[in-house]
Amino acid sequence: TAGRDPLHREIALGNPRTAKGQNSLTAAACDAHWIRVTWHLSRDSIDRAQSRLGTEWHRAVPVLRISRVTTSDQAAGSEAFAKDVVIDNHCNTHYLSVPQAGRAFRVQIGYLGKQGTFFSMAKSNVCYLPKPGPSQFSGESLRSEEHTSELQSPCNLVCRLLLEKK
């Protein structure tokens, strides 16, 4: 589209078959300290972010915003900011290290302007992390073939190295 800054870090859209205007963000616990986040965004949502951020757009960075969910309901006020993680714009999957195990978290994807303006494009499900400790299952039995093949991509190098250390 004309008017796009070729140097701007756009978030990977994910599935090209995503319906116009439809976004999704899925969070799944890997273990007590890691969340796997996968997203599918529409071109329209990135255009809306550019419009909303105005002059901040050219210096905005794509981030995953992690919030602690402090109550079992999903009412307003039940979430507390935990941290923002700048993401690579070439992947649509990211592994997040979480600050506290055994808690519930929600993730948003969006752009963060240099003056602190955050434009959210999608919000995940609530992700419940297990408490740390020995699992009743071995690590090998928990890994599916699909999960193992996903770890072969360069985008998932950190998680692959962490699993190899176990």
Side-chain angles (χ1 to χ4, degrees), residues 9-18 22-42 45-46 49 60-114 116-166:
R9 294 179 58 188
E10 285 195 358
I11 299 172
L13 297 176
N15 185 349
R17 294 184 302 257
T18 299
Q22 210 173 41
N23 297 326
S24 69
L25 181 68
T26 305
C30 292
D31 64 18
H33 300 281
W34 290 92
I35 296 174
R36 178 179 183 256
V37 182
T38 303
W39 59 88
H40 301 286
L41 302 173
S42 70
S45 64
I46 293 180
V61 292
V63 299
L64 291 171
R65 176 165 280 186
I66 305 169
S67 299
R68 281 183 301 278
V69 177
T70 56
T71 63
S72 59
D73 68 19
Q74 298 175 15
S78 65
E79 296 179 17
F81 173 81
K83 68 179 180 177
D84 285 330
V85 177
V86 176
I87 56 174
D88 180 25
N89 57 332
H90 299 292
C91 298
N92 72 323
T93 298
H94 194 87
Y95 289 86
L96 296 171
S97 171
V98 293
Q100 298 167 326
R103 302 261 175 124
F105 293 90
R106 185 187 304 271
V107 181
Q108 294 180 66
I109 189 168
Y111 279 96
L112 181 63
K114 291 294 179 190
T117 305
F118 178 70
F119 180 81
S120 177
M121 294 186 291
K123 186 184 266 193
S124 76
N125 51 295
V126 175
C127 182
Y128 298 93
L129 297 177
K131 292 184 179 181
S135 173
Q136 62 186 12
F137 304 104
S138 71
E140 290 302 315
S141 66
L142 291 176
R143 290 186 207 149
S144 67
E145 286 183 32
E146 176 187 357
H147 182 71
T148 304
S149 67
E150 287 173 358
L151 294 176
Q152 301 306 312
S153 75
C155 295
N156 299 322
L157 177 62
V158 171
C159 190
R160 187 171 73 233
L161 292 173
L162 288 169
L163 285 172
E164 287 172 0
K165 285 176 75 176
K166 285 187 174 182

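Under a 3.5 Å cut-off, the side chain of Thr70 and the backbone N or O of Ser78 do form a donor-acceptor pair. Checked by atom type and distance alone, the side chain of Asn92 pairs as donor or acceptor with a backbone atom of Trp39 at under 3.5 Å.
Here OH of Tyr95 is found 11.0 Å from CG of Asp31. Values are rounded to the nearest 0.5 Å. Taking OG of Ser45 as the reference point, atom OH of Tyr111 lies at 8.5 Å (rounded to 0.5 Å). A distance of 5.0 Å separates CE in Met121 from CG in Leu41, rounded to the nearest 0.5 Å. Distance CG/Leu96 to CD1/Ile66: 4.5 Å, rounded to 0.5 Å. Annotation: the span from Phe81 atom CZ to Arg68 atom CZ amounts to 9.0 Å, rounded to 0.5 Å. Atom CD of Gln100 sits about 12.5 Å away from atom NZ of Lys131, to the nearest 0.5 Å.
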*Could you walk me through whether Arg106 and Ser124 pass the side chain to side chain contact (heavy atoms under 4.5 Å, CB included) check?*
CA-CA 6 Å; Arg106 185 187 304 271; Ser124 76; 3.6 Å; yes
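Closest non-hydrogen pair, Ala104 versus Val126, comes out as CB-CG1, 3.8 Å. Taking both residues in full, the closest heavy atoms of Phe105 and Val69 are given as C-CG2, 3.9 Å, listed atom of the first, atom of the second, then distance. For the pair Val98 and Ala32, the tightest heavy-atom approach, listed with the atom from each and the gap, is CG2-O, 4.0 Å. Pairing each heavy atom of Ala29 with each of Leu129, the nearest pair is CB-CD2, 3.4 Å.
Each of Val85, Ile35, Asp88 was compared with His94 under the side chain to side chain contact (heavy atoms under 4.5 Å, CB included) criterion, and only Val85 meets it.
Residues Ile109 and Val37 fail the side-chain proximity criterion, which asks for heavy atoms closer than 4.5 Å.
In this view, Arg65 and Asp84 satisfy the salt bridge (Lys or Arg N to Asp or Glu O under 4.0 Å) rule, not counting sequence neighbours.
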